[in-house]
Amino acid sequence: MADVTGRESAVNFEKIPAVDRREDVVDFVPDAVLIVDDNGTVVRANLAAAALLGYERHAVEGRGVLDFLPFFDWNLTRLPPDSGHGAG
């Protein structure tokens, strides 16, 4: 095995903002991923989600998640304040 200690990497990951790296990872996950804000708006859709929904990614982002998941009960994603889970 060759000792590669001290060699410069072809890609300097320290110079790539962390946000860009996370978005790249989400894009290439084989499962559909929708990132939704507190208002139910899709802020990020990966390539698999767009393909599954039958839209281009830019057509998914910015729309309400219920446009794509009409039977989803948004209230089920929230724990009651007195549930004892998490802060508060």
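For the numbers below, each heavy atom of this structure counts, side chains included, while hydrogens, waters and symmetry mates do not.
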Under 3.5 Å, side chain of E61 to main-chain N/O of A45, donor-acceptor pair present? yes
First locate atom CG of L47, then atom CG of L52, and finally report the distance between them rounded to the nearest 0.5 Å. 12.5 Å
Check Y55 against V60 and note the closest heavy-atom contact, atom names and distance. CB-CG2, 3.6 Å
Taking the side chain as everything from C-beta on, heavy atoms only, tell me whether V36 gets closer than 4.5 Å to V43. no
For V33, does its backbone N or O pair with a side-chain atom of N46 as donor and acceptor, under 3.5 Å? yes
Regarding D37 and R44, does a basic nitrogen lie under 4.0 Å from an acidic carboxylate oxygen? no
Do the non-hydrogen side-chain atoms of V65 and L34 ever get within less than 4.5 Å of each other? yes
Minimal heavy-atom distance between P30 and A48, with the atoms involved, is O-CB, 3.6 Å
